[in-house]
Amino acid sequence: MDCPEFDKLIKDFFTCDRQELTAIFDEYLSVMEADMSLAPGGLMSRNYETAQANPEINTIPGNLKDARDAIFPFFWGTDEWFSRLHLENVKGPANYASLIGAIACLLKNPNLCVDTYSQRSNELEVKAATSLANLIFYHTDSPWGVFTMGGTISNLYGGKIGIEKVCPGAMAKGLQGCRLVGIVSEAAHYSNRTLAGWLGIGTENLHAVSTDKSFAMQLDHLEELLDRLYGEEKTVAFVIATFGSTDASGVDDVSRIRKIIEEKASQYNKPVPQLHVDAAVGWVLSLLTEYDTAKNPFRVDEDVIPLILRAQELSKGLMDADSVTIDFHKMGWGHYPSSAFIVNRRTDLRYLFRTKSSVPYFSEAEYRRDPALFTLECSRPAIGPYSVMASLNGIGLKGYQMLVAHSLEIAHFARKKIDELDYCKVLNADTIGATVLWWVLPKGRDAKKIYDRLVSGKLSENEYKRYFTEIKHLFDKRSESMDIRKDARLSFTSSIGYSPHGVRVPAWKAVFFNPKTDRHVVEQVIRSIEDL
Ligand SMILES: *Cc1c(COP(=O)(O)O)cnc(C)c1O
């Protein structure tokens, strides 16, 4: 090609112009600061109507400012969730150590599929996966893990290993008539249903064990279910326990589940199912494992200490898991995607191995280290390892302990304050986590008594339907009348993950995820409820 424009193209888009790049980066930061001063939520209204009708591609080459301008309105129009008033979900600000890591990753743009495409970034992945494994398992001889696109995919890996364990050769031959089922709790995340569908088990063959009022799997029901399924000649591929349910922070007793599945499998002469733990949200509790509750160096509220002690006890259960999902992009305050699938024993990955002949262009791949030989994905981003290692070492273990303890403390404070109102009832008082679920009923109603009657089965359908309508109505009323500059943004769930007598229970929801959310925010939430 003999074309001067081509040289210009190389100069503008493939040559690092430090000044130009830092100038644009600086502009982004200014814009971000500007929108931080605004009330959270909906900076600009969407324009879906014409988004598809007006695709735009510039005709002639432009420059980096054109690149900036192309995305600018959407950058400006997107809330970065830095505001301490965002309490809707496990979504919030990513920490800046993670940004430092993520930018480094973007600059090198490694592809984690094989060592040759990523060099030391693959090494960083090994380090990050091992650090996380040591946190959750204390110590294991041969932990291993990979970063995936998200908790859904990490859970999918757990499910897939289970299928291969109980139905050998399924990867090559398909399910061959194996009548497979999977088990979760009623409070499990919907991603488990997704993976049951995608893995060919079928969403209808994923069985949900009911939970108790602390949102934990009812273990006697698990035993009954296993008896029934094995009695029907079904093969259980996996049990996915939940360690921190998304809405309620419920935690399943992993150690006891381990005992039960081993006993039942042996009783029916079946292979032991994979015990995968979905700790996408709850894994952070294991950061508190070594917190000295007697000395209490951070002077955490005295009434939160029992919660930390219980978290320490429950975290021990993770040692009994075969594999675990960790979403660092949730309570690690990292960037998307930073989800890790961690196995307790590296040999379990052999169930996923491909032969080298099936990945011809990775002929150099090495079983000892190259994830391309077993990952679902081919190309994989390295944001996860960069975000994890930058965050863990920037913030440090003690820093993370403070962040997690603060979340627990504020959530606990909110529970206490809400429960002081007669017409309110906190529904997840027995759980440990950043979430709070509660009812707001019209003043004059005794919310606690109504809840007790629901749990003991004494409410008629007409009654609970009326109460549920009132709860939703008051939520909508607050949403419409709230002052977005001072009232926190809450959310509403139509089913909390505990269904007494089969009744799906709705609730108001707040997640104390943002480290800047303090007691004043909670007190203002209380005021806004009182004013309804
Ligand atoms: C968020 C979540 C998932 C799904 O994770 P993604 O990263 O959003 O795909 C799975 N399980 C639990 C408990 C979750 O909270």
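Positions are given from 1 along the sequence. We count ligands from 1, going down the list as the structure has it; atoms in each ligand are counted the same way. Note: hydrogens, waters and symmetry copies are ignored here, and every other heavy atom, side chains too, is used. Quick caveat, the model's predicted, so the values are computed rather than measured.
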For [atom], the protein heavy atom that lies nearest, with its residue and separation:
atom	result
atom 4 (C) of ligand 1	His189 CE1, 3.4 Å
atom 6 (P) of ligand 1	Gly151 N, 3.2 Å
atom 9 (O) of ligand 1	Thr152 OG1, 2.8 Å
atom 1 (C) of ligand 1	Lys330 NZ, 1.3 Å
atom 15 (O) of ligand 1	Thr246 OG1, 2.8 Å

**Asked** Name the one of Phe328, Phe341, Tyr400, Phe137 that satisfies ring-ring contact (aromatic ring centres under 6.0 Å, His included) with Trp283?
**Response**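 Result: among Phe328, Phe341, Tyr400, Phe137, Phe328 is the only option passing the ring-ring contact (aromatic ring centres under 6.0 Å, His included) with Trp283.
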**Request:** Please determine if Asp348 and Lys165 form a salt bridge, counting it only when a charged side-chain N lies under 4.0 Å from a carboxylate O.
**Result:** yes
**Request:** Assert yes or no for the condition that the ring centre distance of Tyr451 to Trp439 is strictly below 6.0 Å.
**Result:** yes
**Request:** Verify, without hydrogens or angle tests, whether Asn155 (side chain) and Thr152 (backbone) share a donor-acceptor contact under 3.5 angstrom.
**Result:**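 Between the backbone of Thr152 and the side chain of Asn155 there is no qualifying donor-acceptor contact (under 3.5 Å).
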**Prompt:** Can you name the one residue among Asp247, Thr435, Asn89, Thr246 that meets side chain to side chain donor-acceptor pair (under 3.5 Å) with Thr493?
**Reply:**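 Among Asp247, Thr435, Asn89, Thr246, the one meeting side chain to side chain donor-acceptor pair (under 3.5 Å) with Thr493 is Asp247.
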**Asked** Only one of Val511, Asn428, Val505 forms a side-chain contact (heavy atoms from CB on, under 4.5 Å) with Leu437, so which one is it?
**Response** Asn428
**Request:** Mind listing the closest non-hydrogen atom pair of Ile136 and Ser286 along with its distance?
**Result:**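 Between these two residues, the closest heavy atoms are CG2-OG, 3.5 Å.
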**4.0 Å heavy-atom contact, Ser191 with ligand 1** =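 Per 4.0 Å heavy-atom rule, Ser191 contacts ligand 1.
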**Request:** Say whether Met149 and ligand 1 are in contact under the criterion: heavy-atom distance to a ligand atom below 4.0 Å.
**Result:** no
**Request:** With heavy atoms only and a cut-off of under 4.0 Å, state how Asp278 meets ligand 1: side chain, backbone, both or neither.
**Result:**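 For Asp278, the contact with ligand 1 is made by the side chain alone.
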**Contact partition for His329 relative to ligand 1, non-hydrogen atoms under 4.0 Å** =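 Side chain only.
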**Message:** Using a 4.0 Å cut-off to any heavy atom of Gly150, which atoms of ligand 1 qualify?
**Reply:** 7 (O), 9 (O)
**Asked** Which atoms from ligand 1 have a heavy atom of Asp327 less than 4.0 Å away?
**Response** 5 (O), 6 (P), 7 (O)
**Request:** Return a yes/no value for Val281: is any of its N or O atoms, backbone included, closer than 3.5 angstrom to an N or O of ligand 1?
**Result:**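 Between Val281 and ligand 1 (N or O atoms, distance only) the closest approach is not under 3.5 Å.
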**Request:** Would you check if Glu409 and Phe512 make a side-chain contact, meaning some heavy-atom pair closer than 4.5 Å?
**Result:**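 No, too far: nothing below the 4.5 Å cut-off.
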